[in-house]
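Quick notes on the structure that follows.
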Amino acid sequence: MVSRLILVLADQLTRNVAALRDYRDGDLIVMAEVSDEATYVPHHPRKIAFLFTAMRKFAASLREEGLAVAYTTLDDPENTGSITGELIRRADEHGVSEVIATEPGEWRLIQALNDCPLTVRQIEDDRFIATHAEFERWAEGRKELRMEWWYREMRRKTGLLMEGDEPAGGKWNYDHDNRKPAPGEIDFSGPMRFTPDETTEEVLTLVGNRFGNSFGSLDDFWFGTDSEQASRALTRFIKHALPNFGDYQDAMMSEEQFLYHSIISVYLNSGLLDPMDACRAAEDAWKAGDAPINAVEGFIRQIIGWREYVRGIYYREGSDYAKRNDLNHNRSLPGFFWGDDTQMRCISKTVEQTRTQAYAHHIQRLMVTGNFALLAGLNPQEVQDWYMAVYADAYEWVMSANVIGMTQFADGGIVASKPYVSSANYIDKMSDYCKGCHYSAKKKTGEGACPFNLLYWHFLDRHREKFEKNPRMAQMYATWDRMSDEKQTTIRDEADTFLNRMAQGALV
Ligand code: FAD
Ligand code: DLZ
């Protein structure tokens, strides 16, 4: 006799997830591969393959433990195609109506569970450092919700890198030391790669058949797909890459897709890895003298600072957050975001790596594709759908504030105190992309001038009313104002020409 259904979603794959902790005899765990979740954006096939494999292996581990699991595969002829459809089907089969769920990471699915004709209790997901209530309390009454202040709260709460009430090493934040440009070469050969096992191969065939036409390659699939593999991947990062993580955190290299990054977001976000375990492992490396403070603090800040902060903003701002477009940007996403040719080498390299790996590191997302999208005035919802589709770690709770807030300034400045815009200079300094590019990063106008240079001024000029009073942008406007009228006109005209050609699908 089944008494209750327990829903476990593809990004809730840990025995420690709230709804599962509540499991008792008579409960039936419901897990389902469904087309609605796989197609509400055209997810990268690598993401789908990763999640379906990890789901199957997790379900098997629950069964081994003696728990009852009803698992629906994508090709099950009875599959209803949606999470709520599967809950209703299982409820009908077993004559039950009570469902326990861990709150999903997207408003879309929270709403679907609320609208489901069963009695669904959604429990807060506590795989995070802070609760919703803690973020609310922190945010309440503040004029600005800056990540740095939130991060310090999280340091105090976790005790990570703390010496009593003081930050270890005397500084809260070592970001200033973490801005070295791309080195000549790196001595880390990338994340731990796992050879696909039988379950993975089966899923790769299924996903290749069903989603093989979407943007993204399944070739050379190497993600870990269970918690044991995820923790081995973490260990490799801590040992071989963490010591240099800080120094080269912002660097970009054409032939080094991973540099010294951890590539653990896929594991953290799906439940295969616990965020505090990752932070403690880094802290231990520092205590043992195996990694410097700037690297360890930088890594921990990303997880207990940024990751918790963007989640807090997403839930606090509510379901309309992802729909904001404060700068009224409405240009369509050009084809080169989906792999069409472009002569901008930084974009071409970033998109190509995204296609093959379903991964790009933070600065590629922020300062290459994100920066371009903002400068060019692309529609933030289209931009957001793109990020959601192409990265294996993408879920709205973590992606929205990064896209809508951090990169597109579409939330009007909740996340960022000024737009993250830069001309070609930043990319040239931090990467090797500009060497061998069709465009010249040094050229501001005329034949071969880098589009980032033209669009940078075009952006500032067209949004002058909004930003000229921002003290952090005064310098930029002063530089623009020092240019001759003739030069300003040339920049405006050449930027317009570029945008028009891009809109027409010309090779730019
Ligand atoms: P590392 O550089 O090794 O950092 C360690 C961990 O810190 C990451 O695994 C991640 O969990 C966390 N982290 C770092 N930066 C952020 C951040 N800004 N926000 C939240 N967590 C962070 N991250 C996602 O997990 N999912 C997304 O959908 C996502 N979309 C993004 C979209 C844009 C436009 C931008 C600018 C950033 C986005 N990020 C997203 C944040 C960040 O780029 C990725 O977390 C990171 O690149 C993952 O690679 P990694 O595991 O090698 O991270
Ligand atoms: C992303 C995703 C995909 C591709 N497929 C499934 C699925 O078939 N079944 C499932 O339970 N979850 C899937 N997910 C993850 C959900 O979309 C995710 O739980 C929500 O986006 C909330 O974070």
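Note that ligands are numbered from 1 as they come in the structure, with each ligand's atoms numbered from 1 the same way. What you are looking at is a predicted structure, and each value in this text was computed from that prediction instead of being measured. Along the sequence shown, residues carry numbers from 1.
When hydrogens are left out, the protein atom nearest atom 22 (C) of ligand 1 is Gln302 O, 3.7 Å; that is the closest non-hydrogen contact. In terms of protein heavy atoms, atom 6 (C) of ligand 1 is closest to Ile303 CG1, 3.7 Å. Looking only at heavy atoms of the protein, atom 33 (C) of ligand 1 is closest to Asn402 CB, 3.6 Å. Of the protein's non-hydrogen atoms, the one nearest atom 50 (P) of ligand 1 is Ile263 N, 3.5 Å. The protein non-hydrogen atom at the shortest distance from atom 26 (N) of ligand 1 is Asp393 O, 3.0 Å. Nearest non-hydrogen protein atom to atom 23 (N) of ligand 1 is Val398 CG2, 3.8 Å. Closest to atom 30 (N) of ligand 1, if we only count protein heavy atoms, is Arg365 NH1, 3.5 Å. What sits closest to atom 45 (O) of ligand 1 on the protein, heavy atoms only, is Ser265 CB, 4.1 Å.
Under a 4.0 Å heavy-atom criterion, Phe237 is not in contact with ligand 1.
Contacts of Val310 with ligand 1, taken as heavy-atom pairs under 4.0 Å, involve the side chain alone. Under 4.0 angstrom from ligand 1, the non-hydrogen atoms of Leu268 all belong to its side chain. Residue-level proximity to ligand 1 for Phe299 is carried by the side chain, the only part with a heavy atom below 4.0 angstrom. Both the backbone and the side chain of Ile264 come within contact range of ligand 1, each with a heavy atom under 4.0 Å. The residue Tyr391 has no part lying near ligand 1, judged by heavy-atom distances below 4.0 Å. Here Ala360 has backbone heavy atoms under 4.0 Å from ligand 1, and that is the only part of it that gets that close. By the criterion of a heavy-atom distance under 4.0 Å, the side chain of Asn269, and not its backbone, is placed next to ligand 1.
Judged by distance alone, the side chain of Tyr395 and the main-chain N or O of Pro104 form no donor-acceptor pair under 3.5 Å.
In this structure, Glu283 does not pair ionically with Arg280, as no charged nitrogen and carboxylate oxygen lie closer than 4.0 Å. Under a 4.0 Å N-O distance rule, the pair Asp125/Arg127 qualifies as a salt bridge.
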Find all protein N or O atoms under 3.5 angstrom from an N or O atom of ligand 2 and list the pairs with distances, or write 'none'.
unit_1, atom_1, unit_2, atom_2, d
ligand 2, 8 (O), Ala32, O, 3.4
ligand 2, 8 (O), Val34, N, 2.8
ligand 2, 9 (N), Ala32, O, 2.8
ligand 2, 11 (O), Ala10, N, 3.2
ligand 2, 12 (N), Ala10, N, 3.4
ligand 2, 17 (O), Glu37, OE1, 2.6
ligand 2, 19 (O), Asp11, OD1, 2.7
ligand 2, 19 (O), Asp11, OD2, 3.4
ligand 2, 21 (O), Glu106, OE1, 3.2
ligand 2, 21 (O), Glu106, OE2, 3.0
ligand 2, 21 (O), Arg108, NH2, 3.4
ligand 2, 23 (O), Asp11, OD2, 2.6
ligand 2, 23 (O), Gly105, N, 3.3

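Ligand 1 has no N or O atom lying under 3.5 Å from any N or O atom of Val403, backbone or side chain. At least one N or O atom of Tyr359 sits closer than 3.5 Å to an N or O atom of ligand 1. Taking only nitrogen or oxygen atoms, main chain and side chain alike, His261 reaches within less than 3.5 Å of ligand 1. Between His361 and ligand 1, no pair of N/O atoms sits closer than 3.5 Å.
Seen from the ring of Tyr71, Lys57 does not count as a face-on cation partner, given the 6.0 Å and 45° thresholds.
Shown here are the ring pair (Phe, Tyr, Trp, His ring centres under 6.0 Å) partners of Trp172, two or more places apart in sequence or in another chain: there are none. In this view, Trp222 and Phe258 satisfy the ring pair (Phe, Tyr, Trp, His ring centres under 6.0 Å) rule, not counting sequence neighbours.
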Which is it for Glu103 and His132 under the side chain to side chain donor-acceptor pair (under 3.5 Å) test, yes or no, and what are the steps along the way?
-> CA-CA 11 Å; Glu103 182 181 68; His132 294 327; 2.7 Å; yes
Test log, rule salt bridge (charged side-chain N to carboxylate O under 4.0 Å, His left out), inputs Arg108 and Glu37 | CA-CA 11 Å; Arg108 171 188 65 79; Glu37 294 307 308; 2.8 Å; yes
Tell me, with the steps shown, if Arg311 and Glu308 meet salt bridge (charged side-chain N to carboxylate O under 4.0 Å, His left out).
-> CA-CA 5 Å; Arg311 177 174 187 261; Glu308 294 285 325; 5.0 Å; no
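If you look at Trp107 and Tyr315, their ring centroids are closer than 6.0 Å. Separation of the Tyr309 and Trp150 ring centroids does not fall under the 6.0 Å cut-off. The ring of Phe372 has its center closer than 6.0 angstrom to the ring center of Phe336. Taking the centre of each ring, Phe299 and Trp286 stay at or above the 6.0 Å mark.
Around NZ of Lys239, the count of heavy atoms belonging to other residues, nucleotides or ligands within 6.0 Å does not exceed 12. Annotation for Lys287: atom NZ does not count as buried by contact number, only 12 or fewer foreign heavy atoms lying within 6.0 Å.
Here is the list of ligand 1 atoms found below 4.0 Å of a heavy atom in Thr407: 34 (C), 36 (C). Close approach to Phe245 involves these atoms of ligand 1, each under 4.0 Å from a residue heavy atom: 1 (P), 2 (O), 3 (O). Under a 4.0 Å criterion applied to the non-hydrogen atoms of His362, ligand 1 contributes the atoms 18 (N), 36 (C), 37 (C), 41 (C), 42 (C), 43 (O), 47 (O). Residue Ser262 approaches ligand 1 through these ligand atoms, each under 4.0 Å from one of its heavy atoms: 1 (P), 3 (O), 5 (C), 50 (P), 51 (O), 52 (O), 53 (O).
The one candidate from Tyr391, Trp386, Trp338 that meets the ring pair (Phe, Tyr, Trp, His ring centres under 6.0 Å) condition with Phe215 is Trp338. Exactly one residue among Asp247, Asp175, Asp177 makes a side chain to side chain donor-acceptor pair (under 3.5 Å) with Asn294. That residue is Asp247.
Counting only residues at least two apart or in different chains, side-chain hydrogen bond (donor to acceptor under 3.5 Å, both in side chains) contacts with residues 249-261 comprise Asn178-Gln249, Asp187-Tyr260, Ser254-Arg345, Ser254-Asp432, Glu255-Lys349, Gln257-Gln357.
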